[in-house]
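What follows is a set of notes on a single structure, which appears directly below.
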Amino acid sequence: MADLLFRDLNALKALSVQRCVAEVGYRGVAEEDISASVEQNLRMAIQAVKSGAVPESAQLAPEARVAQIRFHQGLRIEDVMRGYRLSMAVIQERFIEIAQNLHLGDRELLSAHRTLWGVSDSYTAALVESYRESSVRQAVRDHELRQGFLRAALAGTLAETELAARATDFGIDPGRDYRALRARPHAGSSPDRLLDALAAKLRAGDGVLTVLGGDVVGFVAAQPNDVPDATVATGPEGQLTELPHSRAVADRIFTAALRRPRAGSYCLEDLTWRTAADDPDVGAVLRRRYLEPFGTDAEFGRIVLESVRHYLAHDRRIATAANSLSVHENTLRYRLQKFEQLTGARLESTDTLVELSWAFEACPSGTFEAPGAPL
């Protein structure tokens, strides 16, 4: 039986190639490559019939590496498996003809059928595993290329011509304007889930995003909205060559946005001066001016500063601020007076209001840290 199949190998191969080209297509694959793969499949199946032994899928890994080749040639795993089934069908048909001519018994016929089906199952499993490995490696490679491109583009380390060329590889139009993006998921979510949510909002060519250091970073054509459970910051828009500046601004916006009590998508127009509230030199001046006077009684200082914060947060309305603190209005007035006495500042002064707003922005918990600690 097997010897007769081997004798007909060339004819079986020609018929298999013909069917594969006609029914699968195999675009981009040379016919000699298809022929070589078909011959491998046929020899593998016929040898199994001859030996009567079905190899394990792991034993067929070398033969199944053709799936990785086809993957890089642009074929789907479904196409590869369909081509293999067509080859097996050709063997099955010829096998039945030979069995009828040789008047094989039912037991011998059934045994050979089982062997052929066993080989088919093992090889199919090996194909899928090989394709999966190749897909994973390609995904990792794509991820590395994406991260490398974004790091370079956001850092400004690429020459303009190279930047344009690599952007084109990612489907990005070098002539469009983009804005840098940095986003972080809130507790209960993950960076990968946030990346999927942001990427789903992008049309082809609207940006490139990835996960770096637990944050989603990259650039987009427009500021994303309606992103739940995350803080999203985008810098000013500009050409690809301006992404380093946009990224620097986006980082400042991101730091200020993290101080917001709610999730949201922010740009410079949303937070304006708040993005500069982390200046350490300004913070040191404000600490000396508004914290050090309370150095002898830190707890009292915290109570007074918390009262001042609520007073400013409620647009200096005594009744509303006192209610938010759950104290009597006169108690609040007393605390505000003590603040003015100890600091020498007047709460009617525009400069004082600006400086205190700046200080409380830098410390969203509502009070300054202990003396000497960062604002």
Side-chain angles (χ1 to χ4, degrees), residues 27-29 67-79 131-185 189-227 230-254 257 265-268:
R27 294 179 181 177
V29 182
Q68 299 181 15
I69 298 173
R70 298 294 178 260
F71 173 79
H72 292 291
Q73 291 174 325
L75 268 68
R76 303 173 304 165
I77 183 61
E78 293 87 347
D79 296 329
Y131 197 87
R132 185 194 67 80
E133 290 178 358
S134 184
S135 298
V136 169
R137 284 198 296 270
Q138 185 64 39
V140 171
R141 178 60 178 160
D142 290 345
H143 179 67
E144 292 174 346
L145 290 174
R146 184 180 299 270
Q147 285 198 337
F149 167 66
L150 283 176
R151 287 181 189 274
L154 295 174
T157 58
L158 294 176
E160 186 172 353
T161 53
E162 184 180 0
L163 176 62
R166 292 183 62 178
T168 302
D169 291 339
F170 286 93
I172 297 299
D173 180 0
R176 292 182 66 184
D177 285 343
Y178 298 92
R179 54 180 71 212
L181 177 145
R182 183 178 177 186
R184 179 176 297 172
S189 188
S190 70
D192 290 331
R193 187 181 303 173
L194 176 58
L195 175 62
D196 290 341
L198 290 170
K201 296 177 179 293
L202 300 180
R203 295 176 300 178
D206 276 357
V208 180
L209 299 171
T210 191
V211 175
L212 285 174
D215 291 337
V216 177
V217 300
F219 59 85
V220 292
Q223 180 179 355
N225 295 310
D226 302 322
V227 183
T231 295
V232 182
T234 54
E237 66 179 6
Q239 293 289 296
L240 288 176
T241 53
E242 300 174 89
L243 280 176
H245 170 68
S246 183
R247 179 198 183 178
V249 177
D251 285 344
R252 296 202 303 271
I253 296 169
F254 178 76
S265 181
Y266 299 90
C267 63
L268 191 58

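Only a predicted model underlies this, so the values are computations on that prediction, with no experimental measurement involved.
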Original post:
Ala250 and Ala233: which non-hydrogen atoms are nearest, and at how many Å?
Top reply: O-CB, 3.6 Å
Subject >> Asp226, CG: over 12 other non-hydrogen atoms inside 6.0 angstrom >> reply: no
**OP:** Nearest 0.5 Å please: distance from the CD1 atom of Ile253 over to the OG1 atom of Thr231.
**Re:** 13.0 Å
Original post:
Do you know the tightest heavy-atom contact between Val227 and Pro224?
Top reply: CG2-CB, 4.2 Å
Subject >> Nearest atoms (heavy-atom pairs only) where Ala221 meets Arg176 >> reply: CB-NH2, 3.2 Å
**OP:** Calculate, to the nearest 0.5 Å, the distance between atoms CD and OH belonging to Glu78 and Tyr131 respectively.
**Re:** 7.0 Å
**OP:** Kindly compute the distance separating OG1 (Thr168) from CG (Leu163), expressed to the nearest 0.5 Å.
**Re:** 9.0 Å
Original post:
For the residue pair Arg179 and Leu243, what are the closest heavy atoms and their distance?
Top reply: C-CD2, 4.4 Å
Original post:
How many angstroms lie between CZ in Phe219 and CG in Asp206, if you round to the nearest 0.5 Å?
Top reply: 10.5 Å
Subject >> Inter-residue atom distance Ile77.CD1 - Arg132.CZ, 0.5 Å rounding >> reply: 12.0 Å
**OP:** For the pair Phe149 and Phe170, name the ring-plane relationship: parallel under 30°, tilted 30 to 60°, perpendicular over 60°.
**Re:** parallel
Subject >> Pro174 to Leu240 - nearest heavy-atom pair and separation >> reply: CA-CD1, 3.8 Å
Original post:
Hey, which of Leu194, Asp196, Val220 is the one that makes side-chain contact (heavy atoms from CB on, under 4.5 Å) with Leu209?
Top reply: Val220
Original post:
Ala180 and Ser246: which non-hydrogen atoms are nearest, and at how many Å?
Top reply: N-OG, 2.9 Å
Original post:
With no hydrogens and no angle check, do the side chains of Ser265 and Gln223 hold a donor and an acceptor under 3.5 Å apart?
Top reply: yes
Original post:
Would you call Leu181 and Val217 a side-chain contact if the rule is heavy atoms closer than 4.5 Å?
Top reply: no
Subject >> Pairwise distance CZ(Arg182) to CG(Leu212) - rounded to 0.5 angstrom >> reply: 10.0 Å
